[in-house]
Amino acid sequence: LRRDMAAWKRHGGLEKHRETLLAGMARNHYTPEFAERIFEQIKGFGDYGFPESHAASFALLAYASAWIKCHEPAAFSCALLNSLPMGFYLPAQLVADARRHGIVVRPVDVRYSDWDCTLEDGGRDDATTQPALRLGMRLVSGLRGDAGERVAAARAQAPFRDLDDLAHRAALDRGALGALAEAAALRGLAGHRHRARWQGAAVERQMPLFAGVAAPAETRIAIPPPSAFDDTRADYASTGLTLGAHPVALLRNALRQRRYSRARELDALQHGRPARHAGLVILRQRPQTASGVTFMTIEDETGMVNVVVWRDIAERQRRVFLESRLLGIEGRMEMADGSRHLIATRLEDLSPLLRGLATESRDFR
């Protein structure tokens with residue numbers, strides 16, 4: 001009976017229990033009228049009791065999550081990153097939100113990072129009580145979990161002296177070293193990622209026969225550091241996020257020439273005013289109940305903007321709508337019930353400006 005009551009979308013599941021219930025209640029001297037009324041109440045509860053119980057559970061989860069995010073935002077962000085993949089948001093959005101809320105986020109670094117993201121002492125200098133968030137090696141693309149665990153275990157015995165020491169004590173092959181170099185996780189042992197790639201490629205695992213024998217010294221080669229854009233592009237390719245300049249910030253001059261405003265500048269616009277904005281697409285959502293309307297979220301270096309794209313715009317500019325990673329939007333600002341939306345009237349694909357920078361969006365259609 002309980003299982004059939006829980007199957008609230010399946011009609012008629014309770015009828016097979018009717019005679020058993022009525023007969024049992026008759027044996028216990030309940031009147032037929034009372035028994036019928038009880039059975040009808042059970043049927044009625046079956047129509048809403050299952051979603052009601054889920055609503056209560058979700059309400060409790062929402063309250064607990066909101067409390068933790070309010071009072072312990074660093075721990076909240078750390079836990080979400082360690083639970084990926086999940087939900088609407090990618091690592092870049094979770095880290096950006098943490099930083100906007102004053103959390104100090106530190107990069108992946110083999111000298112300090114564990115496999116999971118962790119919390120460390122030493123937040124901002126303004127006496128905040130929140131710890132800093134150290135990104136874990138789990139975010140490094142192409143790095144296996146067992147390799148990350150070996151790095152953490154070897155470091156616990158003694159700090160790494162150099163790249164050779166790391167490779168030998170953590171038993172890392174060139175693939176693992178290359179992944180860590182791409183993620184700039186070797187900065188403290190080898191310098192910037194270009195030099196780390198060079199040194200990682202030169203590391204050779206010593207056979208036991210030659211263990212402890214120093215390799216011949218190499219002439220130090222001058223390797224130029226990557227540009228800011230190259231660093232950002234490599235960050236996104238290796239970890240899905242950057243702690244450096246936001247990609248859109250690096251393109252701001254080009255976007256200014258196209259008269260696209262920053263997210264923060266849209267806040268000053270009144271209801272109904274025309275607006276032009278460009279940002280990275282991080283979410284497309286088209287609920288079944290929205291009559292073909294798509295809700296998008298795009299992000300620049302100053303924040304996120306909620307965008308409404310009507311069905312006719314999406315169909316008329318289908319490729320731009322579906323394929324753009326950096327999207328320019330022309331439209332008007334609307335405000336209702338305390339929320340602000342940019343209503344799109346025209347879309348422009350600005351993705352070529354990213355020059356190969358690998359960004360992603362969550363698309364739910």
Side-chain angles (χ1 to χ4, degrees), residues 87-94 96-97 100 229 232-233 236-237 240-242 245-365:
F88 276 48
Y89 299 108
L90 294 162
Q93 284 78 59
L94 295 174
D97 179 74
R100 280 194 291 268
F229 192 87
T232 298
R233 181 164 48 197
Y236 269 83
L241 60 94
T242 184
H246 192 281
V248 178
L250 299 174
L251 305 173
R252 182 51 58 193
N253 289 338
L255 296 177
R256 282 290 189 202
Q257 292 174 5
R258 291 168 169 81
R259 297 185 296 111
Y260 286 115
S261 301
R262 296 183 300 172
R264 186 180 300 155
E265 295 167 340
L266 299 183
D267 292 339
L269 296 181
Q270 299 298 315
H271 176 78
R273 298 289 296 176
R276 290 173 61 87
H277 176 64
L280 297 178
V281 179
I282 63 174
L283 175 67
R284 294 179 180 89
Q285 186 180 20
R286 180 181 290 173
Q288 294 181 352
T289 57
S291 302
V293 177
T294 301
F295 301 96
M296 301 179 69
T297 303
I298 64 176
E299 179 189 66
D300 70 2
E301 71 272 31
T302 66
M304 293 186 288
V305 173
N306 296 318
V307 180
V308 175
V309 182
W310 301 116
R311 183 201 294 267
D312 61 328
I313 300 295
E315 293 177 349
R316 188 165 65 245
Q317 296 191 265
R318 181 175 178 79
R319 288 196 63 178
V320 176
F321 167 68
L322 292 177
E323 299 177 6
S324 298
R325 293 179 296 117
L326 179 63
L327 182 63
I329 298 174
E330 183 176 339
R332 67 181 185 279
M333 294 301 301
E334 287 196 357
M335 287 164 281
D337 300 324
S339 63
R340 300 171 61 87
H341 292 83
L342 175 57
I343 310 299
T345 56
R346 181 178 173 276
L347 309 176
E348 181 181 5
D349 186 0
L350 301 171
S351 303
L353 294 177
L354 293 174
R355 291 182 283 163
L357 190 145
T359 63
E360 296 183 63
S361 64
R362 293 286 194 191
D363 297 334
F364 301 87
R365 294 189 290 274

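Computed from a predicted model, the values in this text were never measured in an experiment.
Contact check for Gln93 versus Thr297: no side-chain heavy atoms found under the 4.5 Å cut-off. Using a 4.5 Å cut-off on side-chain heavy atoms (C-beta onward), Leu255 and Leu350 make contact. Side chains of Val248 and Glu299 form no contact here, defined as non-hydrogen atoms less than 4.5 Å apart. Contact of the Ser324 side chain with the Leu347 side chain is not registered, since no non-hydrogen atoms from C-beta on lie closer than 4.5 Å. You'll find the side chain of Thr359 reaches within 4.5 Å of the side chain of Tyr236, heavy atoms only. Side chains of Gln317 and Asp349 form no contact here, defined as non-hydrogen atoms less than 4.5 Å apart. Residues Arg340 and Leu269 meet the side-chain proximity criterion, which asks for heavy atoms closer than 4.5 Å. Leu322 is not listed as a side-chain neighbour of Asp363, based on a closest heavy-atom distance of 4.5 Å or more.
Listed here is the closest heavy atom pair of Thr302 and Arg264: OG1-N, 3.0 Å. The two residues Thr232 and Ala245 make their nearest non-hydrogen contact at OG1-O, 3.5 Å. In terms of heavy-atom proximity, Leu251 sits nearest to Leu353 at CD2-O, 3.4 Å. Minimum interatomic distance between Trp310 and Ala344 (heavy atoms only, all atoms of both residues): CD1-O, 4.5 Å. Across Val305 and Ala263, no two heavy atoms sit closer than the pair CG2-CB, 3.6 Å.
Using a cut-off of 4.0 Å between Lys/Arg side-chain N and Asp/Glu carboxylate O, Asp300 and Arg252 are scored as salt-bridged. Ionic pairing of Glu265 and Arg256 is present here: one or more N-O contacts between side-chain nitrogen and carboxylate oxygen are shorter than 4.0 angstrom.
Within a 6.0 Å radius of CZ in Arg273, no more than 12 heavy atoms belonging to other residues, nucleotides or ligands are found. Atom CZ of Phe229 sits in a crowded spot, with more than 12 heavy atoms from other residues, nucleotides or ligands closer than 6.0 Å. No more than 12 heavy atoms of other residues, nucleotides or ligands shown are found within 6.0 angstrom of CD on Glu360.
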Can you list, pair by pair, the side-chain donor-acceptor contacts under 3.5 Å of residues 325-335, counting residues two or more places apart and other chains?
from	atom 1	to	atom 2	distance (Å)
Arg325	NH1	Leu357	O	2.4
Glu330	OE1	Arg276	NH1	3.0
Arg332	NE	Glu334	OE2	3.1
Arg332	NH2	Glu334	OE2	3.0

If you apply the rule side chain to side chain contact (heavy atoms under 4.5 Å, CB included), what do you find for Phe321 with Thr294, and how did you get there? CA-CA 10 Å; Phe321 167 68; Thr294 301; 3.4 Å; yes
Checking side chain to side chain contact (heavy atoms under 4.5 Å, CB included) for the pair Ile282/Leu90: CA distance, chi angles, key distance, verdict? CA-CA 8 Å; Ile282 63 174; Leu90 294 162; 5.9 Å; no
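For the atom pair Met296 CE and Ser361 OG, the distance stands at 7.5 Å (nearest 0.5 Å). A distance of 13.5 Å separates CZ in Arg284 from CZ in Arg362, rounded to the nearest 0.5 Å.
The only option from Ile298, Leu283, Val281 that meets the side chain to side chain contact (heavy atoms under 4.5 Å, CB included) definition with Val307 turns out to be Ile298.
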